[in-house]
Amino acid sequence: MEYEITSSETQSTKRTLTVIAVTGAVISVVCAVIRVLLSARGGQELAGPLLGLLGIGIILGLFVALLAFNTRLQVALDEKESREKTTI
């Protein structure tokens, strides 16, 4: 017996994945802005390790956003495919 996905479950999943993706993108942007401001200021005592940490934050935020958008797209395509199967 196959598991049937309801419309409310799909909408909830898509909404959650969208929130995760947007949050990851916002974190990346915030890290990038802070990194630019710190490097422009030229404070060398904290700039080295902190700039590295912010660079990692940018990369991880973009990676999480990409994975969430990819998963959301896959959920939408699966939903469309299952809808087409039920109408045939």
Side-chain angles (χ1 to χ4, degrees):
M1 182 177 211
E2 291 185 22
Y3 176 72
E4 187 174 321
I5 298 174
T6 62
S7 177
S8 64
E9 288 176 337
T10 305
Q11 291 300 325
S12 174
T13 302
K14 289 194 301 190
R15 189 177 311 119
T16 302
L17 288 169
T18 302
V19 167
I20 292 171
V22 169
T23 303
V26 167
I27 287 172
S28 292
V29 168
V30 168
C31 286
V33 168
I34 293 172
R35 184 178 173 152
V36 166
L37 292 175
L38 281 178
S39 64
R41 183 187 282 173
Q44 295 299 323
E45 61 276 350
L46 283 177
L50 193 55
L51 288 179
L53 210 70
L54 290 170
I56 291 172
I58 293 169
I59 292 170
L60 287 178
L62 289 175
F63 186 69
V64 166
L66 180 67
L67 285 176
F69 276 131
N70 184 28
T71 307
R72 188 191 185 290
L73 179 63
Q74 188 64 42
V75 167
L77 291 174
D78 288 345
E79 178 187 24
K80 181 181 176 186
E81 183 180 303
S82 68
R83 228 184 292 141
E84 288 175 357
K85 284 182 181 179
T86 57
T87 58
I88 293 178

Given side chain to side chain donor-acceptor pair (under 3.5 Å), test Gln74 with Asn70 step by step and report yes or no. CA-CA 6 Å; Gln74 188 64 42; Asn70 184 28; over 6 Å; no
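- Here the closest heavy-atom approach between residue Gly24 and residue Ala65 is recorded as C-CB, 4.3 Å.
- Tested against Ile34 for a side chain to side chain contact (heavy atoms under 4.5 Å, CB included), the candidates Leu50, Leu53, Leu54 yield a single pass: Leu54.
- Rounded to the nearest 0.5 angstrom, Thr18 OG1 and Phe69 CZ are separated by 6.5 Å.
- Contact record, Leu62 with Ser28: N-OG, 2.9 Å, taken as the closest heavy-atom pair.
- Atom CD1 of Ile20 is separated from atom CZ of Arg15 by 13.0 Å, given to the nearest 0.5 angstrom.
- When all heavy atoms of Val19 and Thr23 are compared, the pair lying nearest together is O-OG1, 2.7 Å.
- In this structure, NZ on Lys14 lies 13.5 Å from OG1 on Thr71, to the nearest 0.5 angstrom.
- Clustering ILVMFWY residues whenever any of their side-chain heavy atoms sit less than 4.5 angstrom apart, transitively, puts Leu37 in the very cluster that holds Val29.
- Both Val30 and Leu38 are part of a single hydrophobic cluster, where members link through side-chain heavy atoms under 4.5 Å apart.
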